[in-house]
Amino acid sequence: MTIIAGCDVGSLTSKAVIMQQDKILAVEIIKSKAKPQESANLVLENALTKAGLKLPDVQFIVGTGYGRDHIPFVHKTMSEISCHARGAKWLVPSAKTIIDIGGQDCKVIKLDKTGNVSKFIANDKCASGTGRFLEVMARMMNISIQELGEVSEKSKQPIQFASMCTVWAQADVVKYLNSGFALEDIGAGINMAMANRVSMLVSAIGIETDICMTGGVSKNSGVFVSLERILGHKIKKARKLDPQLAGALGAALIANDQIKGRA
Amino acid sequence: MIVAGCDLGSQTVKVVIMDDMRLLAKTVIPATTQPEKVVEEALNLTLDQANLRMSDIQRFVATGYGQKQVSFATQTASEIVCHARGALWHLGSVRTIIDIGGQDAKAIKIDGQGKVLRYQYNDKCAAGTGRFLQIMADALEIQLDDMGKIAEKFTESITISNQCVVFAETEVVSLINDGKKVPDILNALHKALAARVASLVKGIGSIEQDVLMTGGVAKNRGVFHALEETLGVRIQQPEGMDPQINGAIGAALIAS
Amino acid sequence: MRPELSEYPFDWMLWRSLISASRLKHGSEKEYQSALRYIPYFKGVVNTIYNMGSPGQKFLKIIETYVERIVTAKENNRKVAMTTFCFSPALLHAMDIVPVSLEPMTVLGSVMWKRGCLDYMDFCTDIGFSETGCSSQRGSMGAYLARAASEIDFIVIDSAGVCDTNSNAFSFAATYLNKPFYGLNYPATLIDDQTKHYHRDDYRNMITFLETHTGKKLDIDRLREVLNQHAKQDALIHEIEELQMLVPNPMPVTYNFLIYAGRFFFSGVSLYTELLEEMLEIVKQNAKQGKSGLTGGQEKLRAFFIYIDHYSLDLKLWTLLDQRGISHLGNILSRGFSAKAPYIKYVQNHGYQIDTSTLDSMIDSITEINARMPMVRSIRGPYDLPHMWLEESAALAKLLKADCCVYNGTPGCRNTWSNVKLIANDLEKHGFPTHIMYGDAFDERVESWEITSTRLEEFFTIRGLL
Amino acid sequence: MIDIFLNAARTIEPNAVSEEKQHGKLVVGYTCSYLPAEILHAAHIIPMRLRGIETHSLEIADSYYGPFICTFPKCLLQLASQGSYHFLDGAIISTGCDGMRRLDECWRKAGSDYHGSLPSFFHYFDVPHKRESYAISWFIEEIRKLIQHLKTHFNVKITDDAIRQSIQLYNHGRRLMFELDSLRHTEQVRISGAHAFAVSVAGTILPRELFTEQLALFLNHVKNTNTIMGKNQKRLMVVGSVNDDLELIELIEQCGAIVVSEHLCFGIRNEDDLVNETGDPVAALADRYLSNSACPRMFGYFSERLNLVKEKIQKAHVHGVIMQNIRFCDLHGSENGLMEHALEALGIPCMRIEREYGSLTETGRIKMRIQAFLERIES
Ligand SMILES: Nc1ncnc2c1ncn2[C@@H]1O[C@H](COP(=O)(O)OP(=O)(O)O)[C@@H](O)[C@H]1O
Ligand SMILES: Nc1ncnc2c1ncn2[C@@H]1O[C@H](COP(=O)(O)OP(=O)(O)O)[C@@H](O)[C@H]1O
Ligand code: SF4
Ligand code: SF4
Ligand code: SF4
């Protein structure tokens, strides 16, 4: 019985996936601690407990995410790009373009026929294309990050925001809030601003269908739908697993390859 | 004459009640998305403290981001003017005011009569605001109030350069990952913020003494000292008083 | 780019909207309503323009004609040149080449359409152009690069040595579209002999370039005609400028915009002369009655813009100024530098002369005109050299009796953003309260007009101006 | 042996320069590689390309420059105003890009606000953006103006013969640089990218005699060493805007690649061809410097630059190209965009990164991209 694991220590959340070959045994998402070691230990331990396993049972672990170089127990580290690519391909086998929006980063990855990364682009500019941006905005509006995603549906007239910079966009949000604009229009405007940013990355790399979205922000239905509208293409939903786990899943799959490669 | 001033900030709402030049009572509570309601709440709290009733207030001036939303205010005034007035009330010799709030930082230059000569807000994309510190405190899992104290224990000097709040946060995350110590990181953050604000102050011409620092961030000793060091001048704070309410005091003074 | 945008060519859409707009005042109510359907976001501007009186209608005609010439260039066998606003179009008109000046085209999109030229701007980024570049080119340039506009034949510009961002945008376009490219390059100095020689060589070389790519020789008679018109236009502008110095200023706030937009479109063409004549007439009448050009009639403040204006939907900047009783005294774009211009006539050698006696003298004249287009002249070389950006702004502010100065530009402008804090400090020293606007003249996503206008009004109040 | 180069590349005031200063040598800083350093050399002045490393805060620079400006000129201004360039006897500002040419006004203003921060010799040097014959004539004039200013200010002689000798010396250095570069093209590389880059940065800093002498020794050493670098490693090329920061190259190499070629401002690209050693030396300099279209400041010569890069990719057997530019650098920003499309179309993997200058770069995010890029090349 080959047990493998992937551990994605992100800036905001840490994720672990434990697999037995192609079968997922357990998954876990926790909020990242200040120290990556702690996050890694905790998230893996939780996942192992769920699976009824112990660390020595796991044969190969791949680490990824911002804290990847500081995870004590991994056998190999890979960048988030490769892991998300691998994970997304498993979740949506027809995927050619992957949009991964996490807490600190937004990446668009293109895959070739065999599922290898043929090109990628990451957001270097201002931070308005990141999950963190949404969190700051949600906090500004006194709603939860889940609610922020949902408000878009109710809005008839999303507000157009200064989408270039978090600090500045915030000033705008405050202003609109104080001027009595409807919460849903502001929220929808924020999701739209985000989608606009991301769509620029997507266009820069060139769209190829199918498109699939991973990372925490893919759970924000407002961004998801706005992005579909701007791109003019449907985005495939990952149904087999929470898309926020795609990085950890990819890491686990890469661990699996490693084991196979050895055998 | 009994008057009230209210500073409706991005993060906190400040209300003061004054009798002529005397401060009777003050309240600072977090801002919400319903500006009118919070102000009412803050005002009631302040009235209670001062043992007064709404009908005792003869004039009520509002300032800050949400100034226009307070329908029962008798007048509104710009933040810059209120901060200038408030500062002059604290310290007659003040010529330069540095105000760092949650949303923006401002440098204001005034003359002896309190007339605003020059002023400047933080540059776009600049991380020189209280919000920046708050996000960093979250990332480091420490309390906002403790930042200054913890930073004093720093041993190694490091540089945080990114100009964007969210990216600075990533930088902080990588510093933690590299095993840097929290006091050192905090010290670097304070220096970074101080540098941003210092350029603002320098941008409006030569620094004229006395310099007074106000706004919520003035409570952070780390930023305060870093700013003194960067500017090379002594900076004062409103004595025996919360620097956060300076704008509200200015508003009240305008009312009377 | 949104799929629906590549469906209709950008310039063609502009043209149709303009046609609908200029028909508005002539038709019945029913026609009026149906015409409005084509220009849902353009209503506000149309109203503003019609409120300008006859010059407004003339101006609509001018832009309609300009865009029409672009859209119909191919069927009329004319070559189309992509160019920049600081390039005097007079030569192109003399050579029967149709200019597409990107920045004014971006302005049109920005004031007329709700989303301005944002989608085209973003298209530029998609294909690899730097997102931080100047938005004034990026706007309409995107449409041409996406081939969602008329085809252009070659590119001629004059911003090398003046604005790298600008030159860079056009050389990017040339590479991307694989079109012939000619860039005039300016030395930092303006009036020494070496520079004059250089101007002449470079400009003549450009004429050869144009002749090669059009297959037509420069026509002396047409050139003379264009220059004569040009001289007439200059004289009219000077007269208006003199009147602008009156208190109250008899000129309506929007007229500056008409002056420079008209110049960028049709320098040397009679349509523009007619526009100026009509404007002068109105300004003169106001002056005679001692009336301010403001709608409210009362002039409370005189503001001098040291750079460009803010071109957001519906000409909001001008509306704000007009409502608050603030006279707009012009900006860098509305300045003229003919030797007889009110400011320049006291400055030796800085102005240009128009001499139509020989072909050579005419080419020299147009060369010098071009070397004194607003940016080419004012922001080349060190900004604080005698009679450059700083000194000229201070002198003009004084001449026009301004109460304050305002900077507005685009974040993409390395040129001015490198020096704007310096110039603000220096102008303050000259006694002019100076405000720096942080927004982007063409891209509201950088800072919303809400914030921009709040800050501007705050400046007027805090500094005790209003 | 490499130490002298590393020291020069890592500090704004290298030991070798301080020593010469103590012996009474003058030092004049300049901002752009289009300045013919030979002229300064011929005047017995040490020409030194100005650098912004060792900057930790921009609080002074930000009070002059606006927020939307490249951090390289800002760093220079910061260092200048805080007195870090106290050792300069002069500075020359060129019309490189807009941000850089505006350093002229900013520095002069800082000079009056921060006493002593403006060197007594301060020169604005105009460089044409094209190379028609009349542009070269203009450039010759500019060089002559510079010569004149140097002569009167420092009371030095600059003869044609002296310039000719300087040209020879510089050409000698260039030949050695070509040789070093070609050593990086072989399958078995004997020098790390970081070291090779240190040498080219040092070339703009060290007194030229010392530089050529040391480079000759170093070349011998490299040729005879047995340590082979970068076995089985991916061979990368780094292109784009200004970089004189060894750490960037080191970071790339730490991720498990070897940098075998660059096309950066500060790198070998500015030493690409020789100056004609006969005829009028000023004309020869003007001709050589303007004919170098390696920098996108020369508008309209993209295809030449593309060919240069393609040639280097072939020669050095490059597996992938990292294209970097400083935030707000329009010139290299869009150049990289064009180049990326052209090279990817030829099947050469490229990755663009936008960053802050030098020590202000935030390494965490860049490292992730480099690793992902290497994984992409490997897969
Ligand atoms: N249920 C949810 N609904 C909407 N957005 C969510 C939800 N959960 C997480 N997010 C978004 O996902 C982001 C975190 O994404 P994640 O991929 O975990 O980041 P990282 O890997 O960088 O830690 C948050 O900032 C938030 O914006
Ligand atoms: N006790 C404290 N110690 C340190 N910093 C504080 C403290 N209280 C508030 N702050 C800082 O002050 C900021 C809020 O300042 P404030 O002037 O109230 O802003 P605003 O007027 O925009 O609401 C917070 O973002 C935080 O950074
Ligand atoms: S606004 Fe600035 S950047 Fe744009 S064209 Fe003009 S000078 Fe260049
Ligand atoms: S990048 Fe070009 S313009 Fe800038 S310094 Fe280098 S050579 Fe000069
Ligand atoms: S990196 Fe670009 S913007 Fe910065 S100095 Fe060099 S050429 Fe100019």
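Computed over heavy atoms, backbone and side chain alike; hydrogens, waters and symmetry mates excluded. Protein chains get the first letters and strands the later ones, always in sequence-line order, with residue 1 at the start of each.
For the ring pair (Phe, Tyr, Trp, His ring centres under 6.0 Å) with D:Phe125, the qualifying choice from D:Phe139, D:Tyr30, D:Tyr34 is D:Phe139, the only one to do so.
Of all the listed residues (C:Ile436, C:Thr195, C:Asp201, C:Asp202), the one sharing the greatest number of non-hydrogen pairs under 4.5 Å with chain D is C:Asp202. When each of C:Ile157, C:Asn205, C:Ile155 is checked for heavy-atom pairs under 4.5 Å with chain D, C:Asn205 comes out on top. When each of D:Arg101, D:Arg102, D:Glu335 is checked for heavy-atom pairs under 4.5 Å with chain C, D:Arg102 comes out on top. Contact count against chain C (heavy-atom pairs under 4.5 Å) is highest for D:Lys130 among D:Glu142, D:Lys130, D:Glu132, D:Met339. Between chain D and the residues C:Thr175, C:Asn425, C:Asn419, the most heavy-atom pairs under 4.5 angstrom are made by C:Asn419. With respect to chain D, the highest number of heavy-atom pairs below 4.5 Å among C:Ser130, C:Gly381, C:Pro382 belongs to C:Pro382. Of the listed residues D:Cys329, D:Ser133, D:Cys106, the one with more heavy-atom pairs under 4.5 angstrom with chain C than any other is D:Cys106.
Heavy atoms of D:Ser63 lying under 4.5 Å from chain C belong exclusively to its backbone. Using a 4.5 Å cut-off between heavy atoms, C:Ala188 touches chain D through backbone and side chain atoms alike. Residue C:Phe170 does not touch chain D at all, counting heavy-atom pairs closer than 4.5 Å. Residue C:Ser171 touches chain D through its side chain alone, counting heavy-atom pairs closer than 4.5 Å. Both the backbone and the side chain of D:Tyr134 come within contact range of chain C, each with at least one heavy atom under 4.5 Å from a heavy atom of that chain. When heavy atoms are compared at a cutoff of 4.5 Å, C:Leu184 approaches chain D solely by way of its backbone atoms N, CA, C and O. Looking at D:Phe302, the atoms closer than 4.5 Å to chain C (heavy atoms on both sides) all sit in the side chain, from C-beta outward. For a residue to count as touching a neighbouring chain, one of its non-hydrogen atoms must lie under 4.5 Å from one of that chain's; by this rule C:Phe181 touches chain D with the side chain only.
At least one donor-acceptor pair under 3.5 Å links the side chain of C:Arg372 to the backbone N or O of C:His350. Side-chain atoms of D:Ser112 never come within 3.5 Å of backbone atoms of D:Ala110 as a donor-acceptor pair (strictly under, hydrogens ignored).
Ring geometry for D:Phe121 against D:His123 counts as parallel: the plane angle stays under 30°, on a 0 to 90° scale with 60° as the upper cut. Aromatic ring pairs are classed by plane angle as parallel below 30°, tilted from 30° to 60° and perpendicular above 60°; the pair C:Trp417 and C:Tyr438 is tilted. The aromatic rings of D:Tyr114 and D:Tyr64 lie perpendicular to each other, with more than 60° between the two planes, well past the 30° mark.
The environment of CG in D:Asn307 is crowded: more than 12 heavy-atom neighbours from other residues, nucleotides or ligands sit within 6.0 Å. In C:Lys79, the NZ atom is not crowded: 12 or fewer heavy atoms of neighbouring residues, nucleotides or ligands sit closer than 6.0 Å. No more than 12 heavy-atom neighbours from other residues, nucleotides or ligands sit within 6.0 angstrom of NE2 on C:His430.
Using a 4.0 Å cut-off between a side-chain N of Lys or Arg and a carboxylate O of Asp or Glu, D:Lys74 and D:Asp62 qualify as a salt bridge.
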